[in-house]
Amino acid sequence: MTNNDTPSQGNFIKQIINEHNRTGRFDNRVHTRFPPEPNGYLHIGHAKSICLNFGIAEEYDGKCNLRFDDTNPTKEEVEYVDSIKEDIRWLGFDWEDREFYASDYFEMLYEYAIKLIKGGKAYVCELTAEQIREYRGTLTEAGKNSPFRDRPVDENLDLFERMRRGEFPDGSRTLRAKIDMAAPNLNMRDPVMYRILHAHHHRTGDDWCIYPTYDWAHGQSDSIESITHSICTLEFEDHRPLYDWFVEQLGIHHPQQIEFARLNITYMVMSKRKLLRLVQDGVVDGWDDPRMPTISGLRRRGYTPASIRDFADRVGVAKKESTIDMALLEHCIREDLNAHALRVMGVLDPLKVVLTNYPEEQVEEMEAVNNPEDPSAGTRTVPFSRELYIERDDFMEDPPRKFFRLAPGREVRLRYGYIIKCEDVIKDGDGNIVELHCTYDPQTKSGMPEANRKVKGTLHWVSAKHALDAEVRLYEQLFAKEDPNEVEEQLDFLSNLNPDSLSLVQAKVEPSLAAAEPGAHYQFERKGYFTVDSKYGRPGAPVFNRTVTLRDTWAKISRKQ
RNA sequence: UGGGGCGUAGCCAAGCGGUAAGGCAUCGGCCUUUGGAGCCGACAUGCGCAGGUUCGAAUCCUGCCGCCCCAGCCA
């Protein structure tokens, strides 16, 4: 995804791989994997991991597997595996025929477990969950051995087999690795390998009633797939000794686990538990709500795969816990859309303008450039007539300094149209401005010599009788606080929701937009980038989602004033 | 009071003993029929702190300090 540079420099993971290649540890092979648990939708943090794993494989001419980590049937669903596949593909990555499931290996894992039991390295424990916790000790005190720890091999074999057969109720027994109850690393204090769960699994159905834990399944799955570099997040650092212990005891292929810092972004929550909560509580309109940091939400919002990949490249890979400024993500999408989105005119908060000296029935087709960044995008035509709409905040009766837009007696240019002058402000009984009466200068039509006259500002507009009504959804960040997890006593992260994260407006947009297709990206000139929503709206009546505003230096100036 | 990690600008991040890359943000200026885009410039005598080694230290050593993770039969 990145470039063809020699992968000699770069982040610390590449440095580790380079060292392996130098010493020949994996015969110069690089094989990674992306291992999602199908218990929720993918979010942008996963995108970072996807770009990393698939990106590294590509860069080193290796492969990257997709493997669902489906060891907990109580939380996993096919809906999630489907969405995960769709999102990875959409991001632009391809796992070819390497779509695997940890559940594919249940039988092999079972055999491995028997091998450990026979070697005296695992035992069936009858302690309850609560007792196991008590026996584990604390951070500063050693644990104590389970009374079942020294059970004879034959008895363990028998009990384990009966666990599989379903003779015991949930939670009554576990298979545990026999390591060291006094280990300073709690993960090494006889970790549970299997628990009894009489639950229906989305792939294996009712074949199993014992399920492997993450620690037992993950490393062995990596090994079975001949993974070389098993990249995961920081919280698994403490698990690496256990990961290593299992493959060493088994004497099987030993991948290298490498941990990096997960992605955090200001004003966003990134935990699946919290995202699930937003969905379940109806705070948002599903996993793909355009305010969600999910891949599907970003897609609906108007983010492009290229912009997300670019973002993943720019945030870097390191072990320092960090929180990326949301502005970087916005920068990435603006940069992509600036180059590719077609320009169009749409008025979000319409104010009527009547050109009193413009012929009553006349309509002119004005030629407009589709994308000044890309001449090949061509031009289109936009109807112009006597009655127009302009943006309400493009007019001020009593303008402050540096306001370059329309005001009584002032001139302004209508993009691709004429220079107009404000002659009269029409108000209703309550003093609200309802209409502007302006005159146009016929010598200043776009393209004419007189049109080059200097005027302070250029406004976008739409012809009143030709305009298409369209619903536009204006989004802001879902949370009002930079760190949504920073909450007052007794409250949770939902107390930090931004009440203005969504506002609906009825806009007037240029008629060409009647043909806009779901997912299409546009720049509404001077306002921002908008994408046709894929869930709401109908053919001929599109609904637009605001992806991101344009950079707004006027907003900055007026804020300071 | 155990173990594992991490501290370079407002936010990320290079740097790997030879005198602090780059990006985002911010601030100036130029340009502009989008207050967009683009272009030019500014932005760490300083690398958590204190000592030490060295001709030379963000890089090596020692000691502190701060932050994160671990006591699920979640992943």
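What you see is a predicted model, and the numbers here were worked out from it, not measured in a lab. These values consider heavy atoms only, across backbone and side chains, with no hydrogens, waters or symmetry-generated copies. Proteins get letters first, then strands, A, B, ... in listed order; numbering begins at 1 in each.
When the C1' atom of rC68(B) is taken as reference, atom CG of Asn485(A) falls 14 Å away, rounded to whole Å. We find that CD1 of Ile324(A) is positioned 16 Å from P of rG10(B), with the value rounded to whole Å. Distance, Leu242(A) CG to rC69(B) C1': 16 Å, rounded to whole Å. Computed from coordinates, the His331(A) NE2 to rG38(B) C1' distance equals 13 Å when rounded to whole Å. Straight-line distance from the CZ atom of Phe12(A) to the C1' atom of rC16(B): 15 Å, rounded to whole Å. Rounded to a whole Å, the CG atom of Leu329(A) is 11 Å from the C1' atom of rC24(B). Note: CG (Asp394(A)) to P (rG36(B)) measures 14 Å, nearest angstrom. Here rC73(B) presents its P atom at 12 Å from OH of Tyr123(A), a figure rounded to the nearest Å.
Position along RNA chain B of the nearest nucleotide to Phe403(A) versus Val317(A) favours Val317(A) as the more 5'-ward residue. Positionally, the nearest nucleotide of RNA chain B for Gln523(A) lies more toward the 5' end than for the other of Ser172(A) and Gln523(A).
Here rG35(B) is the nucleotide among rG35(B), rA25(B), rC74(B) with the atom lying nearest to any side-chain atom of Phe404(A). The Trp554(A) side chain lies nearest to rG35(B) when the options are rC74(B), rG35(B), rA75(B). When distances are taken from the side chain of Ala327(A) to each of rG36(B), rC12(B), rA25(B), the shortest belongs to rA25(B). In the set rG35(B), rU33(B), rA14(B), rU33(B) carries the atom at the smallest distance from any side-chain atom of Arg413(A). Of the listed nucleotides (rC11(B), rG72(B), rU34(B)), rC11(B) has the atom at the smallest distance from the side chain of Asp325(A). Of all nucleotides listed (rA14(B), rA75(B), rA71(B)), rA75(B) comes nearest to the side chain of Thr213(A). Listed candidates were rU34(B), rC73(B), rC74(B). Nearest to the side chain of Asn72(A) is rC74(B).
Under the salt bridge (Lys or Arg N to Asp or Glu O under 4.0 Å) criterion, Arg415(A) pairs with Glu525(A), not counting sequence neighbours. With sequence neighbours excluded, no residue forms a ring pair (Phe, Tyr, Trp, His ring centres under 6.0 Å) with Tyr135(A). With sequence neighbours excluded, the residues satisfying ring pair (Phe, Tyr, Trp, His ring centres under 6.0 Å) with Tyr418(A) are Phe384(A), Tyr440(A). Looking at residues two or more places apart in sequence or on another chain, you find a side-chain contact (heavy atoms from CB on, under 4.5 Å) between Asn370(A) and Leu342(A), Ala377(A), Arg380(A). Partners of His20(A) by ring pair (Phe, Tyr, Trp, His ring centres under 6.0 Å), not counting sequence neighbours, listed by chain and number: Phe26(A), His229(A). Under the ring pair (Phe, Tyr, Trp, His ring centres under 6.0 Å) criterion, Tyr529(A) pairs with no residue, sequence neighbours left out.
Using a 4.0 Å heavy-atom criterion, one finds that Thr128(A) contacts the bases of the nucleic acid, with or without backbone contacts as well. Ile419(A) comes within 4.0 angstrom of no nucleic acid atom, judged by non-hydrogen atoms across all strands. Across all strands shown, Thr553(A) has heavy atoms under 4.0 Å from sugar-phosphate atoms exclusively, and none from any base. Within the nucleic acid shown, Phe524(A) has no heavy atom closer than 4.0 Å to any nucleic acid atom. Across all strands, Tyr416(A) comes closer than 4.0 Å to base atoms (heavy-atom distances). Counting any heavy atom pair closer than 4.0 Å across all strands shown, Tyr194(A) reaches no nucleic acid atom.
Look at the C1' atom in both rG4(B) and rC40(B): the space between them is 48 Å, to the nearest Å. For rA20(B) and rG28(B), the C1' atoms lie 24 Å apart once the distance is rounded to whole Å. Rounded to whole Å, the C1' atom of rC49(B) lies 7 Å from the corresponding atom of rC65(B). Separating the C1' atom of rA57(B) from that of rG15(B) is a span of 13 Å, rounded to the nearest Å. Separating the P atom of rC68(B) from that of rG63(B) is a span of 24 Å, rounded to the nearest Å.
rG72(B) takes the syn form, because its glycosidic angle lies no more than 90° either side of 0.
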Criterion side chain to side chain contact (heavy atoms under 4.5 Å, CB included) on Phe34(A) and Asn65(A), from CA distance to verdict
CA-CA 6 Å; Phe34(A) 174 64; Asn65(A) 295 355; over 6 Å; no
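If you check rU26(B) for Watson-Crick or wobble pairing at under 3.5 angstrom, you find it paired to rA42(B). In this structure, rA9(B) makes no Watson-Crick or G-U wobble pair, since no nucleotide meets both defining distances under 3.5 angstrom. In this structure, rC49(B) forms a base pair with rG63(B), meeting either the Watson-Crick or the G-U wobble geometry with both donor-acceptor distances under 3.5 Å. Partner assigned to rC73(B) is none, using Watson-Crick or G-U wobble distances below 3.5 angstrom. Pairing for rA58(B) is absent, judged as Watson-Crick or G-U wobble with the two contacts each under 3.5 Å.
Considering only side-chain N and O atoms, Gln15(A) lies under 4.0 angstrom from the phosphate OP1 or OP2 of rG15(B).
A salt bridge (Lys or Arg N to Asp or Glu O under 4.0 Å) check over residues 181-190 of chain A, counting only residues at least two apart or in different chains, returns the pairs Arg149(A)-Asp190(A). Residue pairs meeting the side chain to side chain donor-acceptor pair (under 3.5 Å) criterion with at least one partner in residues 547-556 of chain A, sequence neighbours excluded, are Thr531(A)-Thr547(A).
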Report each atom pair, protein N/O against N/O of nucleotides 26-29 of chain B, whose distance is under 3.5 angstrom.
unit_1  : atom_1 : unit_2    : atom_2 : d
rU26(B) : OP1    : Lys556(A) : NZ     : 3.1

Distance-only check: which donor-acceptor pairs under 3.5 Å involve side-chain atoms of residues 322-329 of chain A, not counting sequence neighbours?
unit_1    : atom_1 : unit_2    : atom_2 : d
Asp325(A) : OD1    : Ala327(A) : N      : 2.9

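Between the side chain of Arg334(A) and the base of rG36(B), no donor-acceptor pair under 3.5 Å is found. Side-chain atoms of Ser446(A) come within donor-acceptor range of the base of rU33(B), with a qualifying N/O pair under 3.5 Å.
Under the 3.5 Å distance criterion, the side-chain polar atoms of Asp170(A) are matched with a main-chain donor or acceptor of His198(A).
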For each nucleotide in nucleotides 2-9 of chain B, reading 5' to 3', give B when a protein heavy atom comes within less than 4.0 Å of its base, S when such contact involves only the sugar-phosphate, and - otherwise.
BBSSS-S-
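Using a 4.0 Å cut-off between a side-chain N of Lys or Arg and a carboxylate O of Asp or Glu, Lys456(A) and Glu411(A) do not qualify as a salt bridge. In this structure, Arg67(A) does not pair ionically with Asp104(A), as no charged nitrogen and carboxylate oxygen lie closer than 4.0 Å.
Taking a 6.0 Å sphere around NZ of Lys445(A), one finds it holds more than 12 heavy atoms contributed by other residues, nucleotides or ligands. Around the CZ atom of Arg165(A), the shell of radius 6.0 Å holds more than 12 heavy atoms that belong to other residues, nucleotides or ligands.
If you check residues 369-384 of chain A against RNA chain B, the residues with a heavy atom closer than 4.0 Å are Pro372(A), Glu373(A), listed by number.
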